[in-house]
Number of protein chains: 2
Amino acid sequence: MGRPTIADIARQAGVSKGAVSFALNGRPGVSEQTRERILRVAQEMNWRPHSAARALGGARAGAVGLVLARPARTVGVEPFFAQLLSGLQAELSACSTALQLLVVEDTAAEIEVYRRWSSEHRVDGFVLVDLQVHDPRIAVLEELGTPTVVLGGPRRQGSLPTVWADDRAAMLSIVEYLAALGHRRIAHLAGLPAFLHTQRRIRALRDAARRLELVEAYSVPTDFSDAEGAAATRALLARRERPTAIVYDSDVMAVAGLGVAAEMGVAVPGELSLVSFDDSVLARIVHPPLTALTRDTFALGELVARTLLAAVEDPLGRLEVKTATPRLTVRESTAVPRR
Amino acid sequence: MGRPTIADIARQAGVSKGAVSFALNGRPGVSEQTRERILRVAQEMNWRPHSAARALGGARAGAVGLVLARPARTVGVEPFFAQLLSGLQAELSACSTALQLLVVEDTAAEIEVYRRWSSEHRVDGFVLVDLQVHDPRIAVLEELGTPTVVLGGPRRQGSLPTVWADDRAAMLSIVEYLAALGHRRIAHLAGLPAFLHTQRRIRALRDAARRLELVEAYSVPTDFSDAEGAAATRALLARRERPTAIVYDSDVMAVAGLGVAAEMGVAVPGELSLVSFDDSVLARIVHPPLTALTRDTFALGELVARTLLAAVEDPLGRLEVKTATPRLTVRESTAVPRR
DNA sequence: CCGATTTGCTAAACCGGTACAGCGATGCGG
DNA sequence: CCGCATCGCTGTACCGGTTTAGCAAATCGG
């Protein structure tokens, strides 16, 4: 015989299917004595629920979805995502919920996946990342009605539950640190301008520059790739008045920038200070190790998972959770600028 | 009304559920005319199959599983896995199959997940990676009978379909290249000795050393972490007779090694040549860029997916697919050793 | 001691598809 | 013109759970 079903258990234990269902789900309707007998039989027969059968009765699918839109071949799945995934799963698997992960080409394909998985009842909820300035995904997900947690608020529009960190405060802490060291010309290699967090960081830098009376502070948008990170760094360092410090929006770009500095013979941190907005193994292993913004991405993942599961339980809740502001870890890539 | 079902479509089109099922699945049993009408109605009502209902009829679950055993917080999901994932999904989503990804703490937990997902009918098959020397997972998966593709043969024992690359030939090409440059003292920072591919690489180096009459060639096992990569490199460079070339089993360790060399003032490639067994963005962005073994991991993922889907179709097939041997991409971290 | 409630269980409907037996209409060979 | 195969479709059982209506026995209150 193949997989045992509750009908097999019922026969074996001499009760009805309904009784077995009650017993296995810890619901009232059977005596304590019968429950124990049924549980023992189920145990002996090594029974497990058939997830599809469960999901069919209008119940939960037992999975949540995470869709990333990136060109397939260029996926670098940064340490950030690896950590996030890890945290998500730690929490999800504690609640026996699976994670469906999919990498697609672009936002249009991503939306299509939301529609499909939602109407196929394949998942109970979604995690939305890489929030854009005018994000077409929000409206779709609200319309679909599938519980969704947005990573990267604070809420702009829409009514989806949100988990966010204070990017603005983080950028301010970097700029204040550099200014305190004596830097007056600071460049910022930003990510894709379409991302909301990129905008917030750019604005934070501009505001801080005005307040701290910096001579020069500007953001250069990139596509987050190592190639653009390297090219933009090369352009900056070729200027006559070059910046004394560069802030990178990702660790990959920061490491690429460090490589360019080495290649051009610019001493780090002697002539140039580098800061990465993202900390990870990468920032630690290069020489000199990079000063970087550290956040507990694993914990962030756990928090997102908890928030999502809460939203699945109670789809009407309107949560907005703010996480700890990331803190700067000073390493050896930053120093007082040489006169 | 909520999601439309085939019953709704049947009512709307004035036919029976059975006819709708035939029409939607492109099976004979309805006239071309009726089929078109049904498809049009389904389109208008925006119908999608309920994945659970499909899976219930003994049919496919429409998903495959990939379980990685790594300590939760230390996941670095290397570029290798990111690329592999990407390739897997490109192929899987073309066949509308989802990927269930789970990161667990250790092999015991991994096996438990295989048992659970298999008996819950949550997936149609598994991808097995990080093959170990005496791998307890093989027997479990064979017993479960769920189609599984092993990445990293050649087949040792067991009868599961396998996809593998020739690690041995790859290592030989690296050593031959270094020997041709004039290197006679070569060290190898290997990965976990429990992994089959680590063993194969170690053996290949030993054999090549004998054949090429190297003065010294030895493998140092590590846990693949940046920390051990750095520590082992430091130890090697502190010797009186230090190696003139080091081969790293992963890009992360190679970059960490490069950092140590910079810190200790050892010139790369002047005094020390470095080779990474894994190519990725990392190897390209540091300075000097690393000579590395390049393989098309994306294509590997696609191939694994195709092989798995074939195994799901025909569980009795005994496939063994060998992929192209990776080729060495020479960059600036290797040179003739200084006398 | 009787009616009302609670307890412990059974039988059957149901979820949304798939698979298959069967049936009337049509076409075809002899 | 009859018997038989084929076509196009209907009706229904079925997958493995959950849920509900219902029922007999036990318990309770008055």
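Letters go in sequence order (proteins before strands), and every chain restarts at 1. No hydrogens, no waters, no symmetry mates; every other heavy atom, side chains included, goes into these values.
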Just to confirm, is there a sub-4.0 Å distance from OP1 or OP2 of [N] to any side-chain nitrogen or oxygen of [X]?
X: A/R48; N: D/dG16; value: no
X: A/R3; N: D/dG16; value: no
X: A/W47; N: D/dG17; value: yes
X: B/R54; N: C/dG16; value: no

Specify whether A/F126 and A/W117 have parallel, tilted or perpendicular ring planes, treating 30° as the upper limit for parallel and 60° as the lower limit for perpendicular.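 Taking A/W117 first and then A/F126, their aromatic rings lie parallel (interplane angle under 30°).
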
Between [atom2] on [N] and [atom1] on [X], what's the gap in Å once rounded to a whole number?
X: A/R122; N: C/dC15; atom1: CZ; atom2: P; value: 22 Å
X: B/N25; N: C/dG16; atom1: CG; atom2: C1'; value: 13 Å
X: A/I6; N: D/dG16; atom1: CD1; atom2: C1'; value: 6 Å
X: A/I9; N: D/dG16; atom1: CD1; atom2: C1'; value: 11 Å
X: B/L56; N: C/dG16; atom1: CG; atom2: C1'; value: 9 Å
X: A/E120; N: C/dC15; atom1: CD; atom2: C1'; value: 17 Å
X: A/D8; N: D/dC15; atom1: CG; atom2: P; value: 11 Å
X: B/I38; N: D/dT10; atom1: CD1; atom2: C1'; value: 12 Å

Just the atom pairs and distances: protein N or O near nucleotides 9-11 of chain C's N or O, under 3.5 Å.
| from | atom 1 | to | atom 2 | distance (Å) |
| --- | --- | --- | --- | --- |
| C/dC9 | OP1 | A/T34 | OG1 | 2.4 |
| C/dC9 | OP2 | A/S31 | N | 2.5 |
| C/dC9 | OP2 | A/S31 | OG | 3.4 |
| C/dC9 | OP2 | A/T34 | OG1 | 3.4 |
| C/dT10 | OP1 | A/S16 | N | 3.4 |
| C/dT10 | OP2 | A/S16 | N | 2.7 |
| C/dT10 | OP2 | A/S16 | OG | 2.7 |

Spatial distance of atom CG (A/L66) from atom CG (A/L84) [nearest 0.5 Å]: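 The CG atom of A/L66 sits 7.0 Å away from the CG atom of A/L84.
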
Of the listed nucleotides (C/dA19, D/dG16, C/dG17), which one gets closest to any side-chain atom of A/A53?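 Between C/dA19, D/dG16, C/dG17, the one nearest the side chain of A/A53 would be D/dG16.
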
Taking salt bridge (Lys or Arg N to Asp or Glu O under 4.0 Å) as the test, write out the residues that go with B/R54, two or more places apart.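 Per chain and number, B/R54 pairs via salt bridge (Lys or Arg N to Asp or Glu O under 4.0 Å) with no residue.
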
Which is it for B/T97 and B/R60 under the side chain to side chain donor-acceptor pair (under 3.5 Å) test, yes or no, and what are the steps along the way? CA-CA 10 Å; B/T97 301; B/R60 298 185 35 190; 3.1 Å; yes

Would you say the side-chain atoms of [X] pair up with the backbone N or O of [Y], donor to acceptor, closer than 3.5 Å?
X: A/R35; Y: A/R27; value: yes
X: B/T146; Y: B/G125; value: no
X: A/D124; Y: A/A61; value: yes

Using a heavy-atom cut-off of 4.0 Å across all strands, would you classify B/R60 as base, sugar-phosphate, or nothing?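 Nothing, no heavy atom under 4.0 Å.
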
